[in-house]
Structures are given as C-alpha cells and as structure tokens.
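Inspection log for the structure reproduced underneath, given as structure tokens.
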2 protein chains.
Amino acid sequence: MVPEAERRRRRPTRQGQVLSETLIVETALRMLHEHGSAGLTARRLGTALGADPSTVYRYFAGLDGLTRAIGEELMGRALDTWAATGDWRADLRALGLAIHASYLAHPQAAVLTASRVTGRPREIEVDETILGILRGAGFTDTDAVAVYHAFIDLALAFAALDAGALALKDEARERDEQMWTSTYARLPGTTHPHIAATAPLLAERMNRSAYPTVLGTLLDGAAARLAGAHRRGRTGQGRSRGSGAGRADAEDAERVRSLS
Amino acid sequence: MVPEAERRRRRPTRQGQVLSETLIVETALRMLHEHGSAGLTARRLGTALGADPSTVYRYFAGLDGLTRAIGEELMGRALDTWAATGDWRADLRALGLAIHASYLAHPQAAVLTASRVTGRPREIEVDETILGILRGAGFTDTDAVAVYHAFIDLALAFAALDAGALALKDEARERDEQMWTSTYARLPGTTHPHIAATAPLLAERMNRSAYPTVLGTLLDGAAARLAGAHRRGRTGQGRSRGSGAGRADAEDAERVRSLS
DNA sequence: TCCTTATGCCAACGCTGTAGACGTTAAGCC
DNA sequence: GGCTTAACGTCTACAGCGTTGGCATAAGGA
C-alpha cells in the first residue's frame with residue numbers, strides 16, 4: 001500500500017482504467033447508491049472499476065480504510081457547498097445543515113461512515129472553521145469548545161440516524177414510515193391515551209428529521225450563554241442557571257463516559 | 001418460524017439446551033460483548049447455544065430479526081431502571097439518560113440497533129411515557145409532539161454515535177481518543193489558530209459524550225416554550241421568537257426530508 | 001398409545017474479505 | 001533507444017459468512 005501522493009507509475013488496468021484514490025471513492029459512492037449500504041463489496045467494486053478486486057487493497061487498508069476515505073469526501077463536500085457570511089448564528093446553522101445534507105445525499109455511505117472520526121484534513125478543516133466562528137463571535141474558549149462539541153456531535157449523530165432511515169430499501173422504508181399511521185394510530189385510547197390523542201400529529205411529524213429543530217434549540221442555548229457572558233462581563237455577577245450546561249451536566253457526562 | 005407465545009413443544013438441543021427467544025437474545029448480547037459488533041454470526045451463535053446455526057432461524061426472521069429483538073430488549077431495560085417523580089423536566093432528563101446508558105452498556109449491540117425503529121411493545125411503551133410526561137406538564141399536543149420527536153431522536157442518535165466510539169476494540173479506541181492530544185494538539189497555530197488555541201480544552205472534552213449537555217439545552221428550550229405558551233394563554237399575545245422551532249425550522253425539515 | 005407436526009439437524013449454495021505469489025509494464029537513468 | 005527495477009495489477013486460494021430445503025425425531029394433544 002502506497003500513499004496517493006507518492007504514486008508515480010500509473011499503470012492502466014487490463015480493461016484500460018487508470019486507477020486513483022478519488023476514482024475508487026467515487027465509484028464506491030455510486031455503487032452504494034445502486035446496491036445499498038451492504039452492496040459495497042471488494043468484488044463488485046473490482047468489476048465496476050474494471051480491475052481485479054484485490055487491486056483496491058493497494059490503495060486502501062482494507063474496505064475499512066476505503067470507508068474512512070468516503071467519510072472524508074462527504075465532509076469535504078459539505079464544506080464546499082458552504083460559505084461564511086459573518087453572522088455566527090446563521091453560519092453555524094448553514095454549516096450544520098450542509099453537513100447533514102451532504103451525508104444524507106448518500107445515505108448508504110453515511111450509514112457506514114457518519115459515526116467514525118477520521119482525523120483527516122477536510123474533517124480538521126471543518127473543526128477549525130466551527131471553532132473560528134465561535135471564537136470570532138465572542139465566546140470564551142471554554143464556551144466555544146463546549147458549543148463546538150455539542151454542535152459537531154449533533155450533526156454527525158443526526159446524519160447517522162437519518163441516513164439509517166433513508167438507507168433502507170424503498171419497500172422497507174415505506175413500511176417503516178407507515179408505522180405511524182398503521183401501528184401507532186391504531187393503539188386504543190384505553191391502553192395508550194397519549195399516543196392515541198396525538199396520532200395524527202405524530203404521523204405528520206415523525207417521518208421528518210428532527211435535526212433542524214434541535215439545531216435551532218442548540219443555537220438558541222448558545223446565544224443565551226453568549227448574552228449571559230457579556231452581561232457577566234459588564235456586571236461582574238456570577239453565572240445564572242441558564243443553558244443547562246453547568247456542573248451537573250459535566251458530572252453526567254463523566255458518569256456516562258465511565259459506563260463502558 | 002413460530003411466534004414465541006405459541007410455542008408448545010420445547011425440545012432440547014442435542015447438547016441439552018432448551019431454547020427460547022430470550023435465551024437467544026441474551027446469548028447474542030454476551031457474544032457481542034466478547035467478540036465485538038461484527039462478532040455476531042449465526043454459526044458462532046449456534047455453537048454458543050449448543051445448537052445448530054440454522055436453528056436460530058426458527059426463532060427469528062434472519063439475523064436482522066434477532067437484531068431488532070435486541071434493540072427492543074435494550075429499550076425495555078432502560079424503562080425498567082427508570083421511575084417517574086412527577087417533575088417533568090427531571091423525569092425526561094432521567095429517562096433520556098437511562099436510554100442512553102442502556103444502549104451504551106452494550107455498545108456493540110447498540111451500534112447495530114440504535115438507529116432502527118422496531119415498533120415493538122416496549123418501544124411503544126417508552127413513547128407513550130414520554131408523551132404522557134409532556135402532556136401532563138401542560139404542553140399543547142402540538143408542542144408535546146415536537147418535543148417528543150426531538151427528544152427520542154436525540155437519545156437514539158447519541159446512543160448510536162457514542163456506542164460507535166465505545167464499540168471500537170480497545171486498541172483502536174485508545175488511538176481514537178488520543179487523536180485530540182496527538183493529531184489536533186500538534187497542529188501549528190499558523191494554519192489552525194483556533195484548534196491550536198483550544199487544544200487542551202478539546203483534549204479534555206472531546207472524549208466525553210455531549211449528550212447530557214445537549215439534552216439539557218433541549219429541555220431548557222422546551223421549558224421556555226412551555227412558559228411562553230402559558231404567558232400567551234394569559235395575555236392572548238402572539239408567540240415570541242424563542243425556541244427556534246418556528247416556521248423556518250419546519251421548512252428546513254421538509255427540505256431535508258425531500259433530499260433522499 | 002397413536003398421530004401430527006413443531007422443531008432441531010444436516011448438507012449445500014453462493015457469497016464474502018483478504019493474503020501471498022506471480023508476472024507485466026511503466027518510469028528513470030544512461 | 002535500451003536496460004533495470006520495482007510498482008502495481010492479476011491470479012489463486014482459504015476460511016468463513018447468511019440462508020435455505022429436506023429430513024429425522026420426539027413432544028404433546030387425543
């Protein structure tokens with residue numbers, strides 16, 4: 001296995017294809033679209049590329065390495081469709097939606113990659129951008145990191161969740177989506193009063209992503225914290241209850257972490 | 001395949017095991033712990049059960065059916081460790097953390113199931129409980145459904161994301177966790193000023209789950225909306241900007257949905 | 001005790017990811 | 001232009017996978 005940058009001899013395949021990392025990644029994305037998230041196999045990828053299956057292993061450390069490269073590509077695409085305006089709130093919202101949308105444009109790929117951290121260049125670029133927006137907006141470093149953490153994990157988590165729903169093959173997805181009008185809407189009010197009372201609302205809402213809503217709430221919370229910090233800065237007063245990211249949450253986070 | 005409730009003839013395995021859905025689910029959970037999230041195979045499960053691999057197919061519709069049953073089991077366990085107090089905010093927080101914790105107690109299983117909706121009894125029970133808490137707290141049906149949607153998807157999304165990190169085998173996880181002290185902390189301030197400036201804070205924070213923080217923010221937003229609704233109820237005034245779940249978000253959600 | 005059929009077992013099919021040896025051919029140098 | 005060298009595509013093989021259909025058998029109702 002040789003890193004892409006050091007490749008010198010580009011020798012065509014028996015069928016005439018000249019391979020490269022990006023060609024393989026793009027072919028893999030197309031295959032994921034056509035054959036579903038379980039349809040990315042070395043052999044199929046080989047035939048699609050006009051090359052022997054094992055050739056892929058000269059470019060990536062197993063299919064897992066290819067998967068990480070795909071994630072990096074999706075992150076890069078998100079960044080490319082986004083442009084800063086200077087309004088931190090609008091910029092973060094747009095960036096979050098861009099990441100989410102970029103992954104959901106390839107749900108079958110997103111399922112495989114959204115919960116992996118690659119640490120590759122474009123991903124780092126996104127992180128740097130987010131931190132820059134927050135620090136530029138006047139957040140303290142501590143707050144900026146806290147909001148960044150919540151922001152990026154929220155985007156990835158919802159990308160993975162929503163991609164999972166979209167990645168189901170049509171038939172299965174239809175069945176899943178109809179669950180709110182079939183299973184849930186038919187529960188009797190005697191045993192499930194609250195579901196029964198809200199069934200139409202549920203059917204209308206549950207097949208959409210909750211991400212935009214939650215993202216809005218998160219940014220509201222961040223804005224409140226920013227305002228609070230400014231107020232404290234002027235008055236020298238202690239922090240208010242506010243955003244719910246205080247001591248108790250840190251303890252929860254620690255507890256959660258040590259669960260494994 | 002016969003539903004568990006109608007099973008009459010319980011015939012022991014050649015090795016003496018008497019099978020049942022719950023025995024299989026529990027064995028599968030144990031195997032996931034021992035062999036990782038890719039370690040649940042029909043053949044291995046068979047040997048672990050002291051039975052032929054194909055026997056599992058008499059109890060579940062393929063490994064996929066087994067997977068859904070595992071998800072249902074985890075959801076049930078979350079509900080069992082939780083008790084209502086009457087304080088809607090505390091109750092929701094505790095329930096969210098319980099779901100998150102239940103999945104993270106079996107990260108390898110959570111990876112497989114957290115983004116699947118099963119529509120099975122214990123899952124419905126959780127949904128009914130959440131809606132009950134919200135409607136009991138005085139939310140309108142519309143608001144209750146909106147908060148419910150955000151709440152449950154948030155819990156599942158973070159369960160999946162955090163489980164993904166925990167499910168990596170020790171060696172890989174350690175490498176992942178050290179990325180914040182190795183890769184990120186070493187980026188030069190000239191190219192990545194914001195990451196460089198916050199590197200210690202990042203290293204301290206990024207290996208914990210952001211879920212408790214985000215959950216807190218979500219509940220804060222919900223509380224604000226509840227207070228706003230009450231105020232509107234008294235004064236008859238229109239809704240304020242507030243929680244960020246207004247018209248614009250609904251449009252975003254629709255846009256996102258039609259992406260596929 | 002007998003009959004039915006649920007249920008466990010077996011064998012087989014067509015896949016999978018990946019390792020290692022092999023041979024061809026492009027690149028770099030003179 | 002010709003030579004050398006090793007990068008890179010190809011071939012072969014292995015061990016394992018999910019799943020299915022047929023078969024034997026024993027459990028439970030009569």
Side-chain angles (χ1 to χ4, degrees), chain A residues 1-24 27-28 31-32 34-70 108 112-113 169 172, chain B residues 1-24 27-28 31-32 34-70 108 112-113 169 172:
Chain A
M1 230 214 79
V2 171
E4 179 78 0
E6 298 170 20
R7 286 189 181 269
R8 308 246 88 92
R9 308 189 180 177
R10 317 224 74 130
R11 164 169 157 195
T13 275
R14 170 154 302 182
Q15 305 185 27
Q17 274 283 17
V18 175
L19 300 182
S20 68
E21 277 194 13
T22 66
L23 176 66
I24 296 179
T27 309
M31 293 191 40
L32 283 166
E34 289 168 9
H35 300 101
S37 50
L40 178 63
T41 74
R43 283 172 228 272
R44 249 211 285 248
L45 184 54
T47 21
L49 283 167
D52 187 89
S54 63
T55 309
V56 176
Y57 294 85
R58 298 243 183 237
Y59 286 81
F60 299 96
L63 287 198
D64 197 72
L66 172 56
T67 293
R68 284 196 301 272
I70 292 174
Q108 301 84 359
L112 301 179
T113 68
K169 61 180 75 155
Chain B
M1 229 213 80
V2 171
E4 180 77 2
E6 298 170 19
R7 287 192 180 268
R8 309 246 87 94
R9 309 187 180 178
R10 318 225 72 130
R11 166 170 157 192
T13 286
R14 173 157 300 184
Q15 303 184 29
Q17 273 282 17
V18 174
L19 301 181
S20 67
E21 276 194 13
T22 66
L23 176 66
I24 296 178
T27 310
M31 291 191 43
L32 284 166
E34 288 169 10
H35 300 101
S37 50
L40 177 62
T41 74
R43 283 171 227 272
R44 246 210 288 246
L45 184 54
T47 22
L49 283 167
D52 186 87
S54 65
T55 309
V56 176
Y57 292 83
R58 298 246 181 234
Y59 287 81
F60 299 96
L63 286 199
D64 196 74
L66 171 58
T67 294
R68 285 197 300 275
I70 292 173
Q108 301 85 358
L112 302 180
T113 67
K169 60 181 78 155

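In the text below, chain A, chain B and the rest are named by the order of the sequence lines, each starting its count at 1.
In this structure, the CG atom of B:Leu63 is 11 Å from the P atom of D:dC17, given to the nearest Å. A:Glu21 has its CD atom 12 Å from the P atom of D:dG9, to the nearest Å. For the pair A:Arg44 CZ and C:dC15 P, the interatomic distance rounds to 10 Å; values are reported in whole Å. Following rounding to the nearest Å, A:Leu49 (CG) and D:dC8 (P) show an atom-to-atom distance of 16 Å. Rounded to an integer number of Å, the gap from CZ of A:Phe60 to C1' of C:dG17 is 16 Å. Rounded to an integer number of Å, the gap from OH of A:Tyr57 to C1' of C:dG20 is 14 Å. B:Leu66 has its CG atom 13 Å from the C1' atom of D:dG18, to the nearest Å.
For the side chain to side chain donor-acceptor pair (under 3.5 Å) condition, the pairs that include at least one residue of residues 44-55 of chain A, sequence neighbours left out, are A:Asp52-A:Ser54.
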For this session: Mark up nucleotides 4-12 of chain C, 5' to 3', with B wherever a protein heavy atom is under 4.0 angstrom from a base atom, S wherever such an atom reaches only the sugar-phosphate, and - elsewhere.
Result: BBBBBBB--

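Partner B:Phe60 forms a side-chain contact (heavy atoms from CB on, under 4.5 Å) with one of B:Glu21, B:Glu4, B:Arg68 and no other, that one being B:Glu21.
Heavy atoms only, all atoms of each residue included: A:Leu23 and A:Gln17 are closest at CD2-OE1, 3.7 Å. Taking every heavy atom of both residues into account, B:Tyr57 and B:Ala42 meet most closely at OH-CB, 4.1 Å.
Using a 4.0 Å heavy-atom cutoff across all strands shown, A:Leu45 reaches no nucleic acid atom at all.
Counting heavy atoms from C-beta outward, B:Arg10 and B:Val18 have side chains that approach closer than 4.5 Å.
Under the rule for a side chain to side chain contact (heavy atoms under 4.5 Å, CB included), the partners of A:Arg43 that lie at least two apart in sequence or sit in another chain are A:Thr41, A:Pro53.
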